[in-house]
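Accompanying notes for the structure given below.
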2 protein chains.
Amino acid sequence: MKSLLANIKITVDEKVYLKDPESSVKGQQIIQTSILLIDELGLESFTFKKLAERIGTTEATIYRYFESKHTLLVYLISWYWNWLEYRLVFATSNIASAEDRLKIAIHILSGKIENDANFAHISEVALQRIVIAESAKAYLTKEVDTDNKHGFFLSYKRLCKRISNIIQEINPDYKYPDSLVSTVAESAHYQIFFSQHLPSLTNINDSKQSQLEEFLTDLVFKAIEK
Amino acid sequence: MKSLLANIKITVDEKVYLKDPESSVKGQQIIQTSILLIDELGLESFTFKKLAERIGTTEATIYRYFESKHTLLVYLISWYWNWLEYRLVFATSNIASAEDRLKIAIHILSGKIENDANFAHISEVALQRIVIAESAKAYLTKEVDTDNKHGFFLSYKRLCKRISNIIQEINPDYKYPDSLVSTVAESAHYQIFFSQHLPSLTNINDSKQSQLEEFLTDLVFKAIEK
DNA sequence: GAAACATAATAGTATTACTATAGTTATTAA
DNA sequence: TTAATAACTATAGTAATACTATTATGTTTC
């Protein structure tokens with residue numbers, strides 16, 4: 001299986017970077033190390049200077065790949081959504097029942113992640129923690145409209161639309177498929193965050209990952225029931 | 001009505017500030033102007049220096065009230081949640097039916113706001129925009145656990161618990177009342193944000209505020225149905 | 001072997017998020 | 001009324017941030 005997928009590559013829209021980090025060893029180091037460092041320090045304390053030091057290069061080099069810390073974050077998050085979409089497409093192909101496909105989608109959205117051997121330089125586990133804790137900061141800015149015009153959020157929108165389509169297959173009369181999907185996708189993140197840091201806001205137990213999936217599956221299927 | 005409530009005051013836990021901004025004219029100016037300025041510039045571009053200039057004072061004065069930009073944000077958000085709680089308690093008193101009380105709660109969570117004449121120095125409309133666009137940044141930090149120990153999120157937790165209790169009254173067997181409430185509260189915010197900036201992620205129309213309420217009411221009542 | 005490119009090294013800028021200190025004005029208490 | 005105290009203003013300073021700019025050095029590639 002591993003070798004079969006060896007030449008799969010998750011690509012991110014080229015508007016997000018100045019130079020494709022997948023195209024060089026330095027670029028891959030930047031991605032790999034930035035994931036570990038943002039996870040470790042949090043976005044606020046993460047700087048290109050610290051990243052450069054850890055890689056053994058200088059800020060200038062990193063700025064040849066990414067215009068800013070913000071676009072690097074957008075890159076990482078886009079990569080994550082593209083990876084989820086790839087897993088979703090893979091897991092739902094040849095499955096006739098829309099209900100089953102929707103269950104798989106919710107499983108993937110709420111799922112505990114394992115590092116994917118197909119992408120050795122990416123720690124998906126750390127990346128998921130970044131997406132949980134930092135992804136809202138990618139769009140909650142005054143620049144959201146121009147960023148959106150540049151296609152910075154296409155990966156997320158594409159994944160959501162794919163799941164929304166499954167819902168419409170099941171119940172074409174349900175009026176809020178897009179809202180339901182974005183609600184579930186966002187909820188999956190901060191329910192995990194709450195369970196770890198503000199547990200009174202959730203009934204999900206940090207260690208029992210299946211509860212989140214149950215909560216969301218129940219929510220979605222009841223909402224779209226005819 | 002206005003005069004009846006003239007002596008009502010929303011208070012924020014004293015751990016959030018160094019000196020109570022409600023206790024002086026300067027303090028009230030700080031609150032009033034910071035709401036307008038954060039709304040205008042966004043949290044990232046907002047600085048104490050700009051705030052001081054607009055008020056006609058210096059940074060030092062503002063630092064006597066708030067330790068940092070972060071605690072000022074926590075103050076504003078706490079004030080907002082306390083204000084919602086006060087409106088919720090007011091609107092649900094003497095209403096016997098738990099279902100009706102839950103509907104009111106969802107209405108308030110998803111509701112379009114009008115400025116409240118009882119608190120002249122606070123623009124609730126601008127404050128709601130701040131809560132929508134910036135409140136996640138108050139807890140999505142590496143300091144969330146210490147902030148939580150200091151009680152920075154008590155207002156939000158108290159409001160959520162109150163609504164969660166209504167749900168438990170309606171269906172004591174429902175397993176995820178707290179998760180459902182925090183999901184709805186968060187969803188109410190970013191569905192509005194999405195409708196304005198990333199409309200493909202939602203079916204809610206920016207101008208039709210009743211859709212959001214309908215979406216959330218439907219979601220909640222179906223979820224907790226026996 | 002020259003041109004083109006990637007990276008490194010170094011320096012510099014405007015701004016931020018504060019801290020420190022001294023002086024001025026307003027409030028309160030004896 | 002005076003003296004003490006608190007609130008506020010003015011000014012200066014610091015370390016760090018998020019970049020930009022320039023020049024030098026090595027490395028491919030035609």
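To find a chain, count down the sequence lines: A is the first, B the second, and so on, and within it residues start at 1. Only heavy atoms go into these numbers, but all of them, side chains included; no hydrogens, no water, no symmetry mates.
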Subject >> Sequence-aligned protein contact record of nucleotides 25-30 of chain D, with B where the base is within under 4.0 Å of a protein heavy atom and S where only the sugar-phosphate is >> reply: ------

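Considering every non-hydrogen atom in both A:V16 and A:F66, the closest pair reads O-CD2, 4.0 Å. Nearest approach of A:A138 to A:I77, heavy atoms of both residues: CB-CD1, 3.8 Å. In terms of heavy-atom proximity, B:K161 sits nearest to A:S200 at NZ-O, 3.7 Å. Taking every heavy atom of both residues into account, B:V12 and B:S78 meet most closely at CG1-CB, 3.9 Å. Contact detail for A:L216 and A:I106: the closest heavy-atom pair is CB-CG2, 3.9 Å. Across every non-hydrogen atom of A:I130 and A:L73, the tightest pair is CG2-CD1, 4.3 Å.
Between the two ends of the helix from C:dG1-D:dC30 to C:dA30-D:dT1, each summarised by a five-pair axis, the helix axis turns through 10° (rounded to 10 degrees).
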Subject >> Chi angles and distances behind the side-chain hydrogen bond (donor to acceptor under 3.5 Å, both in side chains) call for A:S135, A:Y156 >> reply: CA-CA 11 Å; A:S135 69; A:Y156 185 47; over 6 Å; no

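Against DNA chain D, the stretch residues 66-75 of chain A makes heavy-atom approaches under 4.0 Å through A:E67, A:S68, A:K69. Across residues 141-151 of chain B, not one residue has a non-hydrogen atom less than 4.0 Å from an atom of DNA chain C. Residues from residues 34-62 of chain B placing a heavy atom under 4.0 Å of any atom in DNA chain D, listed by number, are B:G56, B:T57, B:T58, B:A60, B:T61.
For A:Q191 and B:T183, the side-chain atoms include at least one donor-acceptor pair closer than 3.5 Å. Judged by distance alone, the side chains of B:H121 and B:E22 do bring a donor and an acceptor atom under 3.5 Å apart. Side-chain contact, A:S24 with A:Y65: a donor N or O sits under 3.5 Å from an acceptor N or O.
Rounded to whole Å, the distance from CZ on A:R64 to C1' on C:dA6 is 6 Å. Atoms OH (B:Y63) and P (C:dC18) sit 4 Å apart, rounded to a whole Å.
OP1 or OP2 of D:dC8 sits under 4.0 Å from a side-chain N or O of B:Y65.
Within a 6.0 Å sphere centred on NZ of B:K142, other residues, nucleotides and ligands contribute more than 12 heavy atoms.
In summary, A:E44 and A:K137 engage in a salt bridge, as defined by a charged side-chain N under 4.0 Å from a carboxylate O. Looking at B:E40 and B:R54, a side-chain N of the basic residue comes within less than 4.0 Å of a carboxylate O on the acidic one, giving a salt bridge.
Remark: B:F193 pairs with A:Y139, B:H197 by the ring-ring contact (aromatic ring centres under 6.0 Å, His included) rule, at least two apart or across chains.
Under a 3.5 Å cut-off, the side chain of A:K26 and the backbone N or O of A:I55 do not form any donor-acceptor pair.
Distance from the side chain of A:K19 is smallest for C:dT7 among the nucleotides C:dT7, D:dC8, D:dC19.
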